[in-house]
Novice: 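The structure follows.
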Amino acid sequence: MPPKKRARVKPEQGQSAEHQDSAEEVTKVKRKTSNPKDSGKKSTNVVAQAEKPIFCHWLMKSEPETRFENGIDVKFGIEDLKALPNQTGCWDGVRNYQARNFMKDMKVGQQAFFYHSNCKEPGIAGLMKIVKEAYVDHTQFDKKDAHYDASSKMENPKWFMVDVQFERMMRRYIPLSELKKLHLQHKAKGGALKDMALFTRARLSVQPLTSEEFDFVMSLEDQDPS
DNA sequence: GCCAACGTTGGC
DNA sequence: GCCAACGTTGGC
């Protein structure tokens with residue numbers, strides 16, 4: 001029952017467009033108040049509404065090699081997605097609020113990298129696209145599921161998932177080691193990958209990419225590994 | 001609301 | 001298998 005980890009995907013669940021707009025515990029808008037000792041009067045305090053950046057590209061991690069969690073194999077690599085009917089599955093099992101919130105931001109048609117984690121050679125394996133926006137992740141209520149969450153109630157579900165469809169393999173596998181090298185170079189001298197979430201938010205299983213990051217990674221496909 | 005203890009992620 | 005980084009929990 002520990003809140004958990006990374007995603008596992010299963011064949012698409014029913015089509016009921018669950019629109020549960022959950023009470024949001026996490027996202028709060030940041031307001032900046034002016035000097036607290038300004039006794040009361042100027043409520044000049046305007047709001048530096050740090051607008052939430054709109055992301056259009058994503059990276060989603062899953063494990064392509066067998067590993068048991070609560071007695072259940074959580075293996076799910078890109079080949080497993082490809083093998084599903086319509087090459088489509090739901091990205092269930094995400095049990096982290098930030099990752100969940102990013103999934104809630106996803107829109108139909110957006111692209112995501114399928115990232116292989118916790119395996120021999122971690123890296124980006126292919127591309128998929130979002131085919132259904134966030135809806136309730138039913139596995140949170142399933143005691144037999146690896147990601148069962150006893151603390152989540154049907155009336156107010158905590159966890160959500162999206163449906164993704166396999167698009168294509170990368171023309172070559174882009175290993176983490178190569179991305180990391182580039183990230184370090186870019187950090188030192190500037191470049192598209194200097195703030196890439198894969199390194200700055202290492203443990204986040206669903207993460208956004210800026211267009212620059214996405215395009216840069218895509219450009220690596222046709223280059224020789226550096 | 002702070003923060004120490006604990007648990008997980010995931011590369012190595 | 002180790003363990004650093006960091007998110008979550010729970011006592012106060």
Side-chain angles (χ1 to χ4, degrees), chain A residues 1-9 22-33 36 52 55 58-81 91-105 112-126 128 137 139-143 145-153 156-161 170 172-188 193-209 213 217 220 225-226:
Chain A
M1 39 219 60
K4 303 233 205 143
K5 35 224 74 170
R6 165 174 64 255
R8 181 167 61 107
V9 188
S22 64
E24 206 50 283
E25 58 280 60
V26 169
T27 344
K28 32 186 76 140
V29 184
K30 227 167 243 168
R31 276 164 199 276
K32 186 193 281 170
T33 37
K52 147 159 126 175
F55 293 105
W58 310 96
L59 179 150
M60 302 169 85
K61 301 179 183 177
S62 186
E63 304 184 31
E65 295 173 5
T66 289
R67 186 176 64 83
F68 290 91
E69 204 174 298
N70 305 331
I72 296 149
D73 188 0
V74 296
K75 161 183 169 0
F76 192 86
I78 196 163
E79 295 298 341
D80 298 298
L81 176 60
W91 203 268
D92 66 325
V94 171
R95 297 295 182 267
N96 169 280
Y97 290 112
Q98 290 184 50
R100 180 203 68 180
N101 291 344
F102 283 130
M103 285 201 296
K104 286 185 169 187
D105 291 338
F113 288 126
F114 195 123
Y115 178 88
H116 280 172
S117 67
N118 204 19
C119 56
K120 206 58 166 296
E121 178 158 58
I124 294 174
M128 53 193 175
D137 177 347
T139 65
Q140 67 199 296
F141 306 121
D142 179 358
K143 291 200 166 83
D145 191 274
H147 305 110
Y148 172 64
D149 181 357
S151 74
S152 183
K153 298 290 163 250
N156 186 20
K158 285 188 180 172
W159 308 114
F160 291 76
M161 62 189 182
M170 299 305 280
R172 70 176 177 90
Y173 190 79
I174 314 285
L176 175 65
S177 57
E178 179 177 348
L179 292 168
K180 186 174 217 161
K181 251 186 262 171
L182 291 162
H183 164 68
L184 291 173
Q185 287 172 17
H186 292 189
K187 223 170 47 162
L193 303 191
K194 68 177 168 8
D195 298 319
M196 193 182 188
L198 192 55
F199 306 102
T200 59
R201 321 285 345 268
R203 297 185 311 154
L204 193 56
S205 68
V206 174
Q207 42 182 264
L209 283 84
E213 290 165 347
V217 173
L220 296 174
S226 41

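These figures come from a predicted structure and were not determined experimentally. Below, chain A is the first sequence line, B the second, and so on; all start at residue 1.
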Novice: Can you see if the side chain of A/Tyr97 gets near the phosphate of C/dT9 - specifically, an N or O under 4.0 Å from OP1 or OP2?
Specialist: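 So the side-chain polar atoms of A/Tyr97 never come under 4.0 Å of the phosphate oxygens OP1 or OP2 of C/dT9.
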Novice: Taking atom types as modelled, is there a side-chain donor on A/Ser152 or A/Arg95 under 3.5 Å from an acceptor on the other?
Specialist: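 There is no such pair (donor and acceptor under 3.5 Å, judged by atom type) between the side chains of A/Ser152 and A/Arg95.
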Novice: So, for A/Asp149 and A/Lys158, which heavy atoms are closest and what is the spacing to 0.1 Å?
Specialist: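 A/Asp149 and A/Lys158 have their closest heavy atoms at OD2-CD, 3.8 Å.
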Novice: May I have the distance from A/Asn96 (atom CG) to C/dC6 (atom P), rounded to whole angstrom?
Specialist: 13 Å
Novice: Report the distance from atom CD of A/Glu178 to atom P of B/dC12, rounded to the nearest whole Å.
Specialist: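 Taking atom P of B/dC12 as the reference, CD of A/Glu178 is at 14 Å.
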Novice: Between atom CG in A/Asn101 and atom P in C/dT8, what is the gap in whole Å?
Specialist: 10 Å
Novice: Counting only side-chain nitrogens and oxygens, does A/Asn118 get under 4.0 Å of the OP1 or OP2 atom of B/dC12?
Specialist: no
Novice: When the ring centroid of A/Trp159 is compared with that of A/Tyr97, is the distance short of 6.0 Å?
Specialist: yes
Novice: Kindly state which residues belonging to residues 193-203 of chain A come within less than 4.0 angstrom of DNA chain C, counting heavy atoms of the residue only, listed by number.
Specialist: A/Arg201, A/Arg203
Novice: Could you state the atom-to-atom distance from CZ of A/Phe102 to C1' of C/dG7 in whole Å?
Specialist: 14 Å
Novice: Provide the closest heavy-atom pair for A/Ile78 versus A/Gly126 in the form atom of the first, atom of the second, distance.
Specialist: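 Shortest heavy-atom contact: CD1-CA, 3.5 Å.
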Novice: Grab the NZ-P distance between A/Lys158 and C/dG7 for me, whole Å please.
Specialist: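 Going from NZ in A/Lys158 over to P in C/dG7 covers 17 Å.
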Novice: If you take all heavy atoms of A/Pro208 and A/Ala197, which pair is closest and at what distance?
Specialist: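 Nearest pair, atom of A/Pro208 first, then A/Ala197: O-CB, 4.1 Å.
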Novice: If I take atom CG in residue A/Leu184 and atom C1' in nucleotide B/dG11, what distance separates them, rounded to the nearest angstrom?
Specialist: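 About 14 Å, once rounded to whole Å.
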Novice: Are any of A/Lys120's side-chain N or O atoms less than 4.0 Å away from OP1 or OP2 of B/dG11?
Specialist: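 No, no such contact exists.
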Novice: In this structure, how many angstroms lie between the P atom of B/dT8 and the CG atom of A/Leu204, rounded?
Specialist: 17 Å
Novice: Starting from P on B/dT8, measure out to NZ on A/Lys61 and report it in whole angstrom.
Specialist: 17 Å
Novice: Describe, in one word, how the ring planes of A/Phe102 and A/Phe55 are oriented to each other, choosing from parallel (under 30°), tilted (30 to 60°) and perpendicular (over 60°).
Specialist: perpendicular
Novice: Determine the minimum heavy-atom distance between A/Met161 and A/Asp137, stating which atoms define it.
Specialist: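 Distance-wise, the nearest heavy atoms are SD-CA, 3.8 Å.
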